[in-house]
Amino acid sequence: MPYWLMKSEPGCFSIDDLKKCPKQTEAWDGIRNYQVRNIIRDQIKVGDKAFFYYSNAKPSGVAGIMEVVSNPYPDPTAFDPEAKHYDPKSTLENPIWLLVDVKFIKKFKRVIPLQELRAEPLLSDLWILRQGSRLSITPVTAAEWEAILALE
DNA sequence: GCCAACGTTGGC
DNA sequence: GCCAACGTTGGC
């Protein structure tokens, strides 16, 4: 089973916000990067688990776990001129941007800080720790998944 | 708020 | 298609 790490700024959308959503499920919208779009289109499947990662936060780090509960479908915010991530290039006939729905599974007792991820030898190859890594969804191996769970 | 590392845009 | 300018991300 594949695992993922999905970034959000908690001031924008936190794991508590996700928990409060109807059915504790929300559309993970706003992705406007082709590499991430391709991951959503080609790799992410219903039932996959993902870490909820806080970026630009105090502290930045892993806040909990969620599950992918939909297949990819067009991101409606791309069609909305009022939306922050409106993209006129994406049309109903030919949508560019995709998203999946995610469901709250668990909030960790604490945010596992980035500093501790960096310090863990088992996570030396974790995508998010690579220099300049800016993709908002990145893969996590089963071994890395277990290593992060062990840090909670 | 700084700034390095990226991605995107657009002139040519 | 090159690449400089610009915008964004995200740790610190």
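It should be emphasised that the depicted structure is a prediction, and the values quoted were computed from it without experimental measurement. Every chain is numbered from 1, with letters handed out A, B, ... down the list of sequences.
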Worksheet item: Quick one: which of C/dC12, C/dG10, B/dC6 gets closest to the side chain of A/R134?
Response: B/dC6

Discussion item. If I take atom CZ in residue A/R118 and atom P in nucleotide C/dC12, what distance separates them, rounded to the nearest angstrom?
Written reply: 5 Å

Fill in: Rounded interatomic separation in angstrom, taking CD1 from A/I128 and P from C/dT9
14 Å

Worksheet item: How do A/L135 and A/N56 order along DNA chain B: which one's closest nucleotide is nearer the 5' end?
Response: A/N56

Discussion item. In whole Å, I'd like the distance from the CD atom of A/E116 to the P atom of C/dG11.
Written reply: 15 Å

Worksheet item: Which of the following nucleotides, B/dT8, B/dT9, C/dG11, is nearest to the side chain of A/S55?
Response: C/dG11

Worksheet item: If each of A/K89 and A/S133 is mapped to the nucleotide of DNA chain B with the nearest heavy atom, which maps nearer the 5' terminus, i.e. the 5' end?
Response: A/S133

Worksheet item: Rounded to whole angstroms, how far apart are CZ on A/R37 and C1' on B/dG7?
Response: 15 Å

Discussion item. What contact category does A/Y53 fall into here, base, sugar-phosphate, or nothing, at under 4.0 angstrom with non-hydrogen atoms?
Written reply: sugar-phosphate

Practice prompt. Assess the side chains of A/T91 and A/N94: does a donor N or O sit below 3.5 Å from an acceptor N or O?
Written response: no

Discussion item. Measure CD1/A/I31 against P/C/dT9 and give the value in whole Å, please.
Written reply: 12 Å

Discussion item. Testing A/L98, A/L99, A/V100, A/I40 one by one against A/I31 for a side chain to side chain contact (heavy atoms under 4.5 Å, CB included), which residue passes?
Written reply: A/I40

Worksheet entry | Sugar-phosphate, base or nothing in reach of A/K58, heavy atoms under 4.0 Å | nothing

Worksheet item: In whole Å, what is the span from the CH2 atom of A/W127 to the P atom of B/dC6?
Response: 12 Å

Worksheet item: Under 6.0 Å between ring centres, would you say that holds for A/Y34 and A/W97?
Response: yes

Item to complete: Measure from the side-chain N and O atoms of A/S8 to the backbone N and O of A/F13, and report whether any donor-acceptor pair falls under 3.5 Å.
Response: yes

Item to complete: Could you check how far CZ of A/R32 sits from P of B/dT8, rounded to whole Å?
Response: 13 Å

Worksheet item: What does A/Q131 touch in the nucleic acid at a heavy-atom separation under 4.0 angstrom: a base, only the sugar-phosphate, or nothing?
Response: sugar-phosphate

Worksheet item: Do you reckon A/L149 sits in the same ILVMFWY cluster as A/Y53, going by side-chain contacts under 4.5 Å, direct or chained?
Response: yes

Worksheet entry | Residue A/Y34, side-chain atoms from C-beta onward, closest of B/dT8, C/dC12, C/dG10 | B/dT8

Practice prompt. With the side chain of A/Q35 defined as its heavy atoms from C-beta on, choose the nearest nucleotide among C/dG11, B/dG7, B/dT9.
Written response: B/dG7

Practice prompt. Please state whether the phosphate of C/dG10, meaning OP1 or OP2, lies under 4.0 angstrom from any side-chain nitrogen or oxygen of A/K7.
Written response: yes

